[in-house]
Amino acid sequence: MTKYKLEYIWLDGYTPVPNLRGKTQIKDYAEFPTLDQLPLWGFDGSSTMQAEGHSSDCVLKPVAIYPDPARSNGVLVMCEVIMPDGVTPHASNKRATILDDEGAWFGFEQEYFFYKDGRPLGFPESGYPAPQGPYYTGVGYSNVGSVARQIVEEHLDLCLAAGISHEGINAEVAKGQWEFQIFGKGSKKAADQMWMARYLMQRLTEKYGIDIEYHCKPLGDTDWNGSGMHANFSTAYMREVGGKDYFEALMAAFDKNLMDHIAVYGPDNDKRLTGKHETAPWNRFSYGIADRGASIRVPHSFINNGYKGYLEDRRPNSQGDPYQIASQILKTIASVPTSAEVSAAA
Ligand code: ADP
Ligand code: MN
Ligand code: MN
Ligand code: MN
């Protein structure tokens, strides 16, 4: 038997943006455990905005498991929060009720700022560094500093060793701002991995005295970029059948459901989606080929392949919940009949 360190990780009840929480228990297993070998566990919900003090037990239900490369015999356990009855999802547990479809693929581009001493990493104590321009995909100490690259590389290796589909890194437009991309098939799989990648980044930067600032516009109404979490998506039908008529019907549905999308695309998005800094205004839907100022960017490859492939919704922000973002995208897609459904109805 080996003693495994199980880190149970969950989302707390803070609004509008939940925090990641985690605690460790040690259990004996003959080999690396499977999901169904992991027990339910409890925690004090009155300390996480998930219960009142007089009846404070909440239950953690393991739903996804990854090796924890930062610990010997470590296991990262993504959990849903459920009620003491052991079955009913807690009100804060959005994952339990989202739409899922293994044929739907999601690629999230997580942007964020490194923060140290209350300001973006590399910002002087007062005032601002040289304006935006050289930082995006930049190289060299004056552009990216001395520690950020070390962190993003370590984070990449942690994610890959955990089996998380980390797909890439780039320095972003503002100083101290970076991006990583996470891919997954199915909304739960993609979003679980994104939450776990966020967790690994926050845990990693503890030792550097650095925080991750996920707010979508941390520098306010200035000429400094905000942070998004572009959601690239494709269903099996979009990849394999597609077509111009279906695409136009899809865009009409996205236009119709504008406010349902904005409601789950992250708080304070009106401060980011102003129409400046490569964004579209939050209250008007638009799409365009290779257009980084549109709500949805249609890649050239999509048009060249006969309106088949993936689309990029550029509106979700860096604090958005990938569970709810993916689910809303699937909901809107599901409202559009495919050609088989159209001919069946005729
Ligand atoms: P950009 O910065 O140009 O907008 P990125 O390279 O940062 O693009 O991100 C593109 C994302 O699109 C990646 O996360 C990738 O996994 C995702 N992606 C690529 N193909 C598909 C697809 N068929 N379905 C869903 N997502 C996809
Ligand atoms: Mn990107
Ligand atoms: Mn980006
Ligand atoms: Mn993008």
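Counting starts at 1 for both ligands and their atoms, following the listed order. Because only heavy atoms are used, hydrogens play no part in the values below, and waters and symmetry mates are left out as well, while side chains stay in.
Side-chain atoms of Glu213 come within 3.5 Å of backbone N or O of His215 as a donor-acceptor pair. Looking only at distances, a side-chain donor or acceptor of Lys116 sits under 3.5 Å from a matching main-chain atom of Tyr208.
Cluster membership check: Phe254 shares its hydrophobic cluster with Phe106, using side-chain heavy-atom separations under 4.5 Å among Ile, Leu, Val, Met, Phe, Trp and Tyr.
Asp12 places a side-chain heavy atom less than 4.5 Å from the side chain of Gln50.
Judged purely by distance below 3.5 Å, without hydrogens or angles, the side chains of Thr332 and Asn257 pair a donor atom with an acceptor atom. In summary, the side chains of Asp260 and Gln328 do not present any donor paired with an acceptor at a separation below 3.5 Å, with no hydrogens or angles considered.
Excluding waters, the set of protein N/O/S atoms under 2.8 Å from the Mn ion (ligand 2) reads Glu109 OE1, Glu179 OE2.
Take the N/O/S atoms of Glu312: the one nearest the Mn ion (ligand 4) is OE2. Looking only at N/O/S atoms, Glu172 comes nearest to the Mn ion (ligand 3) through OE2.
Residues Glu111 and Arg272 are not paired through a salt bridge, judged by the lack of any N-O separation under 4.0 Å between the basic side chain and the carboxylate.
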